[in-house]
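To start, the structure under review is shown below, and the notes come after it.
A quick note: this is a predicted structure, and the numbers were derived from the prediction, not measured.
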Amino acid sequence: MDNKSIAGILYETADLMEIDGADSFRIRSYRNAAEAIEAHPQQISDLIGNDKQLLAISGIGKGMLQNLKEMLGEGRLKLHAELLTKYRPSMLQLLKVQGLGPKTIALIWSAYQVSDLEGVESLAREGKIRILPRMGEKHETKLLKAIEDYRRIAGRFLIDVAEKQAEKIADHLRHYPGVEKATPAGSLRRGRETVGDLDILVTGPACCDDTERQKLIDHIIKLPGLMEIIARGENKISFRMRGDMQVDVRLLAPDSFGSAMQYFTGSKAHNVAL
DNA sequence: GGGCCGTACTG
DNA sequence: CAGTACG
DNA sequence: GCCC
């Protein structure tokens, strides 16, 4: 279990504790610990057993150390698992909606036993949110807008995040002999605020014949952080990176690189218009 | 043992 | 004023 | 929960 997943469980536990109405300072401690672990240069899993070094991390105390030992030892955190049983996992998604906090989610759950995005949206449309205590009409319309906003950016990544990821991948590609260019296309190249997935175009001698392309693809899949290969063809490979970003890499002969760049930069509507 | 951010917004 | 969310 |  790497630091990121440890931190993830801690963050999620904090969210669930919040829904559970736990002490807010204790909740903050979980988030602080998650942040500290995320930022820690060494893998926590390598330090396990070395209590002194773990305790030296600001934000990790006696209790959190126990939690870490439990996670690394048993692969799970009991508190986290129990809270997930007690509440609905969909509530964690709800928490991401602007203006929806744990108290409101708990309120909606107690009144309607609804805990998912679609359900809450329906309630809001039917005017069933405004009749709840402390919820007014404004709150309701604001909530509907927030759900809309959430849907718009869900499963997408802010451009700076996508940019860093793309640069790492492009570097990995350019490092390979016979690759001349590796350039992100798609919405990232268009400079959109958010990016759904990465489209990276590659060209050079290594893209020119079947054997070379196979070898290049073999090199691509060694990319650090690559979690799952979704599809592997002759000229294109799709995979998912750690963090869930999906990437398409297309290998192109140099003489079709320009038109491909045009096409894969899009947008779709722009291509249709052309 | 006791503090842990301050503030705007909403009902 | 109290509860809640957020920079 | 952590830290002072």
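Salt bridge absent: A:R189 and A:D199 never bring a charged side-chain N and a carboxylate O closer than 4.0 Å. Ion pairing of A:R232 with A:D218 is present here, as a side-chain N (NZ or NE/NH1/NH2) and a carboxylate O approach within less than 4.0 Å.
Picking from B:dC4, C:dT4, D:dC3 the nucleotide with the shortest atom distance to the side chain of A:S58 gives D:dC3. Set against B:dT10, D:dG1, C:dT4, the side chain of A:T104 has C:dT4 as its closest nucleotide. Residue A:Y30 has its side chain nearest to D:dG1 when only D:dG1, D:dC3, B:dT10 are considered. Nearest nucleotide to the A:M64 side chain, out of B:dC4, C:dA5, D:dG1: D:dG1. Of the candidates D:dG1, C:dA5, D:dC3, the closest approach to any side-chain atom of A:F25 belongs to D:dG1.
Of the listed residues (A:D116, A:T104, A:L117, A:D15), just one forms a side chain to side chain contact (heavy atoms under 4.5 Å, CB included) with A:L94, and that residue is A:L117.
A:S24 comes within contact range of no nucleotide atom at all, as no heavy-atom separation falls under 4.0 Å. Using a 4.0 Å heavy-atom distance criterion, A:I27 is classed as making no nucleic acid contact.
The CG atom of A:L65 sits 13 Å away from the C1' atom of D:dG1 (whole-angstrom rounding). The distance between atom CZ of A:R31 and atom C1' of B:dC5, rounded to the nearest whole Å, is 15 Å. Counting to the nearest Å, the P atom of D:dC3 and the CD1 atom of A:I57 are 10 Å from each other. Nucleotide C:dA5 holds its P atom 8 Å from the CD atom of A:E18, rounded to whole Å. Computed from coordinates, the A:R28 CZ to B:dG6 C1' distance equals 11 Å when rounded to whole Å. Atom pair A:N32:CG and B:dG3:C1' shows a separation of 14 Å (rounding to whole Å applied). Counting to the nearest Å, the P atom of B:dT10 and the CG atom of A:L132 are 18 Å from each other. Separating the CE atom of A:M135 from the P atom of C:dA5 is a distance of 8 Å, rounded to the nearest angstrom.
Side-chain contact, A:R88 with A:S115: no donor N or O sits under 3.5 Å from an acceptor N or O.
Atom name P, nucleotides D:dG1 and B:dA8: the rounded distance is 34 Å, in whole Å.
In this structure, A:K215 places its NZ atom where only 12 or fewer heavy-atom neighbours from other residues, nucleotides or ligands lie under 6.0 Å away.
Between A:K103 and C:dG3, a side-chain N or O to OP1/OP2 separation shorter than 4.0 Å is absent.
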